[in-house]
Number of protein chains: 2
Amino acid sequence: MNAQPLIRRLSRYVALTPDDERLVEEAARERVRRVGPREDVMREGERPRCLYLLVDGWGMRYKSLEDGRRQVLTFALPGDLCEQTALLLEHADHSLAAITPITVAEIAGPRLAELTTASPRLATALAWSDLCGHALQREWTVNLGQRTALERMAHLICELYYRLRAIGHTHGLAYELPATQAMLADATGISAVHVNRTLQELRAAELITLRGRHMTIHDLEALETAGLFNASYLHLDQSARSTSGQADVTPIPARSVATEP
Amino acid sequence: MNAQPLIRRLSRYVALTPDDERLVEEAARERVRRVGPREDVMREGERPRCLYLLVDGWGMRYKSLEDGRRQVLTFALPGDLCEQTALLLEHADHSLAAITPITVAEIAGPRLAELTTASPRLATALAWSDLCGHALQREWTVNLGQRTALERMAHLICELYYRLRAIGHTHGLAYELPATQAMLADATGISAVHVNRTLQELRAAELITLRGRHMTIHDLEALETAGLFNASYLHLDQSARSTSGQADVTPIPARSVATEP
DNA sequence: CGTGTTCTTGAAACTTGTCAAAGTTAGTGG
DNA sequence: CCACTAACTTTGACAAGTTTCAAGAACACG
């Protein structure tokens, strides 16, 4: 039950066997935690003791500057997992906060190692999961560096649409967007006030409707154009590829680290 | 010889045995390429057929927008390696260009797999290398999203200083900076003209001198403060940590992919 | 000793940020 | 179920930071 979002996600990359799925389910069932909105799941500077799998709800990864400025690195959606290498760190380099009430499964390092050594398919799938996270981070770098405020917002709205659609969280062209404008501001690197104006501009252009937490896209193609958006960086259509007899996919990771010293 | 920068880099994370070093050397010697300034080593959209190891010179990873805008994702320095998972991709999601004349070693997927299966130390070291790359990308996200033009430049200058110092490419507080102001602009997300003004501001504040390609930092501490810079994200001081008997560092990766289909 | 790239400068326009206050929504407790 | 508070959204006016355009100066290379 709990592991469904992750299994669904991993299956996007590699065809898993029933055994694989069982392994994932066990790992995700072991320790489950609920965290309320505005609370941190994991905090910058702390020692990472496990990998967090977001089972349900919205989260956000962020880094803070000493003077209080804050940058959202990415929004975390159901099925999202920390990058595996994070376990190597002595101190986490960013925080993960809950936006809505969320459910997270904690996957300990040794447990993760088990998965990847037991199944090369899982190892590959997890590598894919990491890869997608990094591709996303690169695209955000571009978004922040090159796009105007309007383009950034349009781009973000498109990204969230595609990511949510991939996990069945859209209704037609609509989805629930629990992030506040202040959070959108921290994600796009523009001020909260300007986020507000930018959203109004998108409304005026009849590209979207946003009332309360309800986002509706009216013209996806136009919105993508406005945001210079191209979904390929999300790698949502990998599905089949890895299924066929891929020759020498070496085991892959199993990046656990010493357990508590 | 060729592999020195990478060996040096990997040794920062994990103590390697002579055997490990030999393996790395062999892998890096196999195919070596020289690329001239302004040429691409690898281009967005192409199928990645190997991992590139920058042996000598400066490069930059970048993504382009359809309308010609360009964002530098990071500067590549000697010893830098592509992330291992990049081999999974059908199409590279960014390009790598030479800034100076450079030497790159091409490491094929199977070769990489060999390294990681043969030596758990190498596997861990390579995982660390990936991790550092991602941590750097996250920090750039913050840089672009939250810092002012002056802060971004200061931050970038500090970052380059520390990275170059780690590979012995600094002379006291000075280093050669082959990137043009236009490249710095694409890296910091500000216009080339404003980069120029910003550099002058840093000069006026007596924080740096930049004549031709020669960068000198006059007051590193003040520069770090100006850029809200904190070197910890670079993970330059991992050295010792992994040396001691780390219990259960599971093998780790070996992320190769099907060789040419 | 050109010729093309890179750096520098100034002035004007524009995007975005800041401040402050009012309006709205949502959640909590009486 | 309403009242009340706190959080969030919206607005306006203004300030500031940054971009753009255009042109000249300084380099660097063949």
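We use all heavy atoms of the structure for the numbers below, so side chains are in, but hydrogens, waters and symmetry mates are not.
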*Whether over 12 other heavy atoms sit under 6.0 Å from A:R34 CZ*: no
*asked:* Run the ring pair (Phe, Tyr, Trp, His ring centres under 6.0 Å) test against A:Y233 and tell me which residues pass, sequence neighbours left out.
replied: A:H155, A:F229
*asked:* Expressed as a whole number of angstroms, how long is the span from B:R211:CZ to D:dC27:C1'?
replied: 11 Å
*Give the rounded distance in Å between these two atoms: CD of A:Q200 and C1' of C:dG23.*
13 Å
*Please work out if A:R69 contacts a base, only the sugar-phosphate, or nothing of the nucleic acid, heavy-atom cut-off 4.0 Å.*
nothing
*Under 4.0 Å between any heavy atoms, over every strand shown, what does B:R152 touch: base, sugar-phosphate, or nothing? Just pick one.*
nothing
*Please tell me which of A:L199 and B:R147 maps to the more 5' nucleotide of DNA chain D, matching each residue to the nucleotide holding its nearest heavy atom.*
A:L199
_For the residue pair B:Q200 / B:N196, report whether a side-chain donor-acceptor contact shorter than 3.5 Å exists._
yes
_Any A:N196 side-chain N or O less than 4.0 Å from OP1/OP2 of D:dT10_ = yes
Which pairs of donor and acceptor atoms, one on a side chain in residues 211-219 of chain A, lie under 3.5 Å apart (sequence neighbours left out)?
{"from": "A:H214", "atom 1": "ND1", "to": "A:E176", "atom 2": "OE2", "distance (Å)": "2.5"}
{"from": "A:H218", "atom 1": "NE2", "to": "A:T209", "atom 2": "OG1", "distance (Å)": "3.0"}
{"from": "A:D219", "atom 1": "OD1", "to": "A:E221", "atom 2": "N", "distance (Å)": "3.3"}
{"from": "A:D219", "atom 1": "OD1", "to": "A:A222", "atom 2": "N", "distance (Å)": "3.0"}

*May I have the distance from A:I99 (atom CD1) to D:dA7 (atom P), rounded to whole angstrom?*
17 Å
_If you assign B:A182 and A:S191 each to the DNA chain C nucleotide with the nearest heavy atom, which residue ends up on the more 5' nucleotide?_
B:A182
*Grab the NE2-C1' distance between B:H214 and D:dA26 for me, whole Å please.*
19 Å
*Starting from the C-alpha separation in whole Å, work towards a yes-or-no answer on side chain to side chain donor-acceptor pair (under 3.5 Å) for B:Y161 and B:E224.*
CA-CA 11 Å; B:Y161 167 71; B:E224 292 184 9; over 6 Å; no
_side-chain N/O A:R203 vs D:dT9 OP1/OP2, d < 4.0 Å_ = no
*Closest to the A:V193 side chain, choosing from D:dA22, D:dT18, C:dA20*: C:dA20
*For the pair made of CD1 in B:I190 and C1' in D:dG17, what is the distance, rounded to whole Å?*
11 Å
*Starting at atom CE of A:M153, determine the distance to atom P of D:dT9, rounded to an integer number of angstrom.*
11 Å
*Between C:dC7 atom P and B:Q181 atom CD, what is the distance in whole Å?*
4 Å
*Between B:R197 and A:T148, just flag the one whose closest nucleotide in DNA chain C comes earlier from the 5' side.*
B:R197
*What is the distance, rounded to the nearest whole Å, between atom CG of B:L150 and atom C1' of D:dG17?*
12 Å
